[in-house]
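Before any comments, here is the structure.
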Amino acid sequence: MKKILTVFGVILIVFAVVLYSFAPDKNFSALQDVRSMLEENYGTVTMREAEKSILRGERYVLSFSHVLDVSQETMVTVYVYDSAQAAESDAATITPDGFGVERAAQFGRAESMQISWVDAPHFFLYENVIVQYIGMDFDLLQCLYQLCGAQIAGQPFIESPLID
């Protein structure tokens with residue numbers, strides 16, 4: 001009887017290990033790349049998981065002090081997906097101007113949401129994440145552009161002229 005229970009236990013353990021190896025696991029390396037880039041340019045970055053919002057990915061808010069004014073906190077939101085394809089699919093729902101989300105709902109009815117941001121929205125797609133920044137800090141936008149490539153939605157950004 002002991003042998004049967006031992007064999008049964010071993011089979012259960014092997015079965016659990018095999019199932020675990022096939023379970024989907026989110027890849028957080030892109031999120032870490034964004035955080036590392038922010039830390040290299042802005043110092044300490046605080047990261048917290050946040051409730052889901054306008055997009056379907058797992059939402060993380062990265063916050064840090066602004067270089068020119070340490071009393072000013074800047075935030076970048078990162079949505080993490082199981083795969084790059086899932087991120088691309090959700091990115092396609094963001095309106096080109098960044099002020100809305102439009103997706104097909106059940107039974108062919110469209111689902112649309114308009115958003116009023118406090119500043120200009122910017123969205124970038126990088127591997128399996130969507131990066132969202134609301135603001136017009138040119139240096140930060142350049143950092144995001146260098147890591148993620150061109151923004152996928154949002155307001156255009158250009159370097160502001162220097163004031164004499």
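Source: prediction; values computed, not measured.
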Can you find a side-chain donor-acceptor pair between Y81 and D90 that sits under 3.5 Å?
yes
Side chain to side chain contact (heavy atoms under 4.5 Å, CB included) for V80 and F28? Distances and angles first, verdict last.
CA-CA 7 Å; V80 180; F28 289 96; 4.0 Å; yes
Measure the CD-CD1 distance between E102 and I94 for me, rounded to the nearest 0.5 Å.
11.5 Å
Side chain R48, main chain V61, donor-acceptor under 3.5 Å
no
Within this structure, what is the CG-OG1 distance for the pair L38 and T44, rounded to the nearest 0.5 Å?
12.0 Å
Side chain proximity check, V101 to R103, heavy atoms < 4.5 angstrom:
yes
Test side chain to side chain contact (heavy atoms under 4.5 Å, CB included) on M47 and Q32 and set out the steps.
CA-CA 10 Å; M47 182 169 75; Q32 290 304 329; 4.1 Å; yes
By side-chain contact (heavy atoms from CB on, under 4.5 Å) - contacts of S29 (at least two apart)
N27, E127
W117 side chain to G98 backbone, donor-acceptor under 3.5 Å
yes
Are side-chain heavy atoms of L62 and V34 found at a separation under 4.5 Å?
yes
From the list F64, F124, Y42, side-chain contact (heavy atoms from CB on, under 4.5 Å) with V76 holds only for F64
Give the C-alpha distance, both sets of side-chain angles, the deciding distance and a yes or no for side chain to side chain contact (heavy atoms under 4.5 Å, CB included) between E58 and V78.
CA-CA 8 Å; E58 225 172 280; V78 180; over 6 Å; no
About how many Å separate CG of L31 and OH of Y79, when rounded to the nearest 0.5 Å?
13.0 Å
Here the gap from E49 atom CD to Y60 atom OH, rounded to the nearest 0.5 Å, amounts to 4.0 Å
OG1 (T77) and CG (L55) are apart, to the nearest 0.5 Å, by 9.5 Å
Those residues that, when tested against S63, pass side-chain contact (heavy atoms from CB on, under 4.5 Å) (two or more places apart)
T46, E73, M75
In chain order, what residues pass the side-chain contact (heavy atoms from CB on, under 4.5 Å) check against A92, with sequence neighbours excluded?
none
Could you pull out all residues at least two apart from E88 that satisfy salt bridge (charged side-chain N to carboxylate O under 4.0 Å, His left out)?
none
E39: partners by side chain to side chain donor-acceptor pair (under 3.5 Å), with sequence neighbours left out
R35
Trace of the side chain to side chain contact (heavy atoms under 4.5 Å, CB included) decision for Y133 with F157:
CA-CA 12 Å; Y133 167 61; F157 62 93; over 6 Å; no
Can you find a heavy atom in the side chain of Y126 that is under 4.5 Å from one in the side chain of I130?
no
Any donor and acceptor pair, going by atom type alone, linking the side chain of N128 with main-chain N or O of D82 inside 3.5 Å?
no
Between the main-chain N or O of Q85 and the side-chain N or O of S89, is there a donor-acceptor pair closer than 3.5 Å?
no
List the atom of D137, the atom of D139, and the distance in Å for their closest heavy-atom pair.
OD1-N, 3.0 Å
Looking only at heavy atoms, what is the nearest atom pair of V129 and A87, with distance?
N-CB, 4.1 Å
Measure the spacing between CD1 of I115 and OG of S53 and express it to the nearest 0.5 Å.
7.0 Å
Please tabulate, one pair per line, all N/O donor-acceptor pairs under 3.5 Å involving side-chain atoms of residues 144-156, not counting sequence neighbours.
unit_1	atom_1	unit_2	atom_2	d
Q151	OE1	H122	ND1	2.9
Q151	NE2	Q155	O	2.8
Q155	NE2	D97	O	2.9

